[in-house]
Student: 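The structure is given below, and queries will be raised subsequently.
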Amino acid sequence: MPIPSPIRTGYYPERDKHCKEALRGRFLELDDVKFKDIAALQSDAYLAGWAPTEVQRAINALITMRRQKLRTATHPRSDVPLNA
């Protein structure tokens, strides 16, 4: 799946959000988060016109979302500590 380019060049208020949305599809295709897959995702995002710092923020946010989903699937009740 190709990564969409930013809707405009330069900074605009929603740019970080748009970057995360642009990377989400490819990220969700990954079965596991491996270094080589993340490196390829980063490279493709740079080629699409996204800056390294915004790509890293987007990837960090997507990894955090995946971890939260896994925790919720493992411990669906919010009152159960994760280390219980």
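Source: prediction; values computed, not measured.
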Student: Just how far is it from atom CG of Asp16 to atom CD of Glu54, taken to the nearest 0.5 Å?
Tutor: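 Taking CG in Asp16 and CD in Glu54, the distance rounds to 6.0 Å.
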
Student: For Leu62 and Phe27, work out which heavy atoms get closest and say how close.
Tutor: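 Distance-wise, the nearest heavy atoms are O-CE2, 3.5 Å.
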
Student: If Ile, Leu, Val, Met, Phe, Trp and Tyr residues are connected whenever their side-chain heavy atoms lie under 4.5 Å apart, and connections chain through other members, are Leu23 and Met1 in the same group?
Tutor: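 No, because Leu23 and Met1 fall into different hydrophobic clusters, even though each may have its own neighbours under 4.5 Å.
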
Student: Any non-hydrogen side-chain atom of Met65 less than 4.5 Å from a side-chain atom of Lys69?
Tutor: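 Answer no - side chains too far apart.
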
Student: Got a donor-acceptor contact below 3.5 angstrom from the Arg15 side chain to the Thr9 backbone?
Tutor: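 No; zero donor-acceptor contacts below 3.5 Å.
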
Student: Below 4.5 Å, heavy atoms only, C-beta onward: do Arg8 and Glu14 meet side chain to side chain?
Tutor: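 Sidechains of Glu14 and Arg8: no contact.
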
Student: Restricting to non-hydrogen atoms, name the atom on Ala48 and the atom on Ser5 that form the minimum distance, rounded to 0.1 Å.
Tutor: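 Heavy atoms of Ala48 and Ser5 come nearest at O-OG, 2.7 Å.
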
Student: Is there a side-chain contact between Ile38 and Gln42 (heavy atoms, below 4.5 Å)?
Tutor: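 Yes - at least one pair of side-chain heavy atoms lies under 4.5 Å apart.
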
Student: Hey, what do you get for CD (Glu29) to CZ (Arg26), rounding to the nearest 0.5 Å?
Tutor: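 It is 7.0 Å, given to the nearest 0.5 Å.
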
Student: According to salt bridge (charged side-chain N to carboxylate O under 4.0 Å, His left out), who are the partners of Arg24, at least two apart in sequence or on a separate chain?
Tutor: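 Partners of Arg24 by the salt bridge (charged side-chain N to carboxylate O under 4.0 Å, His left out) criterion come out as none, since no residue qualifies.
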
Student: Could you tell me which non-hydrogen atom of Val55 sits nearest to which non-hydrogen atom of Ala45, and how far apart they are?
Tutor: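 Between these two residues, the closest heavy atoms are CG2-CB, 3.6 Å.
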
Student: Is Leu28 linked to Leu70 within one hydrophobic cluster, defined over Ile, Leu, Val, Met, Phe, Trp and Tyr using a side-chain heavy-atom separation of less than 4.5 Å?
Tutor: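 The answer is no; the residues belong to distinct hydrophobic clusters.
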
Student: Main chain of Ala39, side chain of Ser43: is a donor-acceptor contact present, judged purely on distance under 3.5 Å?
Tutor: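 Such a contact is absent between Ser43 side chain and Ala39 backbone.
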
Student: Check Pro4 against Trp50 and note the closest heavy-atom contact, atom names and distance.
Tutor: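 That closest heavy-atom pairing would be O-NE1, 2.8 Å.
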
Student: Counting neighbours of CZ on Arg57 that are heavy atoms of other residues, nucleotides or ligands and sit closer than 6.0 Å, is the number greater than 12?
Tutor: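 Counting other residues, nucleotides and ligands, CZ of Arg57 exceeds 12 neighbours.
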
Student: Please name the pair of heavy atoms, one in Pro6 and one in Gly49, separated by the smallest distance, quoted to 0.1 Å.
Tutor: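 Looking at all heavy atoms of both residues, the shortest contact is CG-O, 3.6 Å.
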
Student: Start with the C-alpha distance between Asp31 and Asp37, add both sets of side-chain angles, then the distance that settles side chain to side chain contact (heavy atoms under 4.5 Å, CB included), and finish with yes or no.
Tutor: CA-CA 10 Å; Asp31 291 328; Asp37 297 328; over 6 Å; no

Student: Give a yes or no answer on whether the side chain of Gln56 reaches the backbone of Thr53 with a donor-acceptor pair at less than 3.5 Å.
Tutor: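 No: the side chain of Gln56 does not pair with the backbone of Thr53.
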
Student: Could you measure the distance from the CG atom of Leu47 to the CD1 atom of Ile3? Nearest 0.5 Å is fine.
Tutor: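 The CD1 atom of Ile3 is 8.5 Å from CG of Leu47, to the nearest 0.5 Å.
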
